[in-house]
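Worksheet for the structure shown next.
Side-chain atoms are counted along with the backbone in the values below, which use heavy atoms only and exclude waters and symmetry mates. We're numbering straight along the sequence, starting at 1. Source: prediction; values computed, not measured.
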Amino acid sequence: MDAAELPAEPGGRAAPGAPGDLSEREVAMLAFERQWWKSPGAKEQAVREEFGLSGTRYHQVLNELIDKNAAVEAEPALVTRLRRLRASRKRAGSARRLGMDPR
């Protein structure tokens, strides 16, 4: 079963007692994020195929996921990297809006 076929749990949670209290879909998303992509277009297409989500919605769900303590427990290095990238993008966006050089 691929990630797009994973059953949605009520509230998006795994059954009680599941490892790290993450849903199967959340575990699949973390595994997906461990992969490296040569181009953003390839990743966007894979997101549509694997999860049935637009790129924007995928990133919204991913941002919620990496804020969960269970995600940090499951994949500490990956979640730390994703949080660092998110913070860097946020700083760059703020600098652009203020007309400053983000570097």
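- Scanning for side chain to side chain donor-acceptor pair (under 3.5 Å) contacts around S88 gives an empty result, with sequence neighbours left out.
- Taking N63 as the reference, nothing meets the side chain to side chain donor-acceptor pair (under 3.5 Å) condition, with sequence neighbours excluded.
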Could you go through F32 and V47, starting from their C-alpha distance and side-chain angles, then the distance that decides it, and tell me whether this counts as side-chain contact (heavy atoms from CB on, under 4.5 Å)? CA-CA 9 Å; F32 184 82; V47 164; 3.6 Å; yes

Quick one, R48 with L53, criterion side-chain contact (heavy atoms from CB on, under 4.5 Å). Give me CA distance, side-chain angles, the key distance, then yes/no. CA-CA 5 Å; R48 281 188 210 93; L53 300 172; over 6 Å; no

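- Listed by first and then second residue, the side-chain hydrogen bond (donor to acceptor under 3.5 Å, both in side chains) pairs that reach into residues 29-40 are E33-K43, E33-Y58, R34-E75, sequence neighbours excluded.
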Candidate pair K68 and E73, rule salt bridge (Lys or Arg N to Asp or Glu O under 4.0 Å), full reasoning: CA-CA 9 Å; K68 294 182 179 183; E73 292 170 10; over 6 Å; no

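- Distance alone, capped at 3.5 Å, is enough to place a donor-acceptor pair between the R25 side chain and the F51 backbone.
- Counting only residues at least two apart or on different chains, no ring pair (Phe, Tyr, Trp, His ring centres under 6.0 Å) pair has a member in residues 68-97.
- E64 meets the side chain to side chain contact (heavy atoms under 4.5 Å, CB included) test with no other residue; sequence neighbours excluded.
- Counting only residues at least two apart or in different chains, ring pair (Phe, Tyr, Trp, His ring centres under 6.0 Å) contacts with residues 61-94 are absent.
- Applying side-chain contact (heavy atoms from CB on, under 4.5 Å) to V79 and the options D67, I66, N69 leaves one that passes, I66.
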Check the pair L30, E26 against side-chain contact (heavy atoms from CB on, under 4.5 Å), reporting the backbone distance first and the verdict last. CA-CA 6 Å; L30 291 174; E26 290 170 328; 5.8 Å; no

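- A distance of 10.0 Å separates NE2 of H59 from OG of S54, quoted to the nearest 0.5 Å.
- Sorted by first and then second residue, the ring pair (Phe, Tyr, Trp, His ring centres under 6.0 Å) pairs involving residues 62-84 (not counting sequence neighbours) form an empty list.
- Of all non-hydrogen atoms in L22 and A70, the two that sit nearest each other are CD2-CB, 3.7 Å.
- Evaluation of the side chain to side chain contact (heavy atoms under 4.5 Å, CB included) rule for R84 yields T80, R81 as partners, not counting sequence neighbours.
- Legend: residues meeting side chain to side chain donor-acceptor pair (under 3.5 Å) with R83, ordered by chain and number and at least two apart, are absent.
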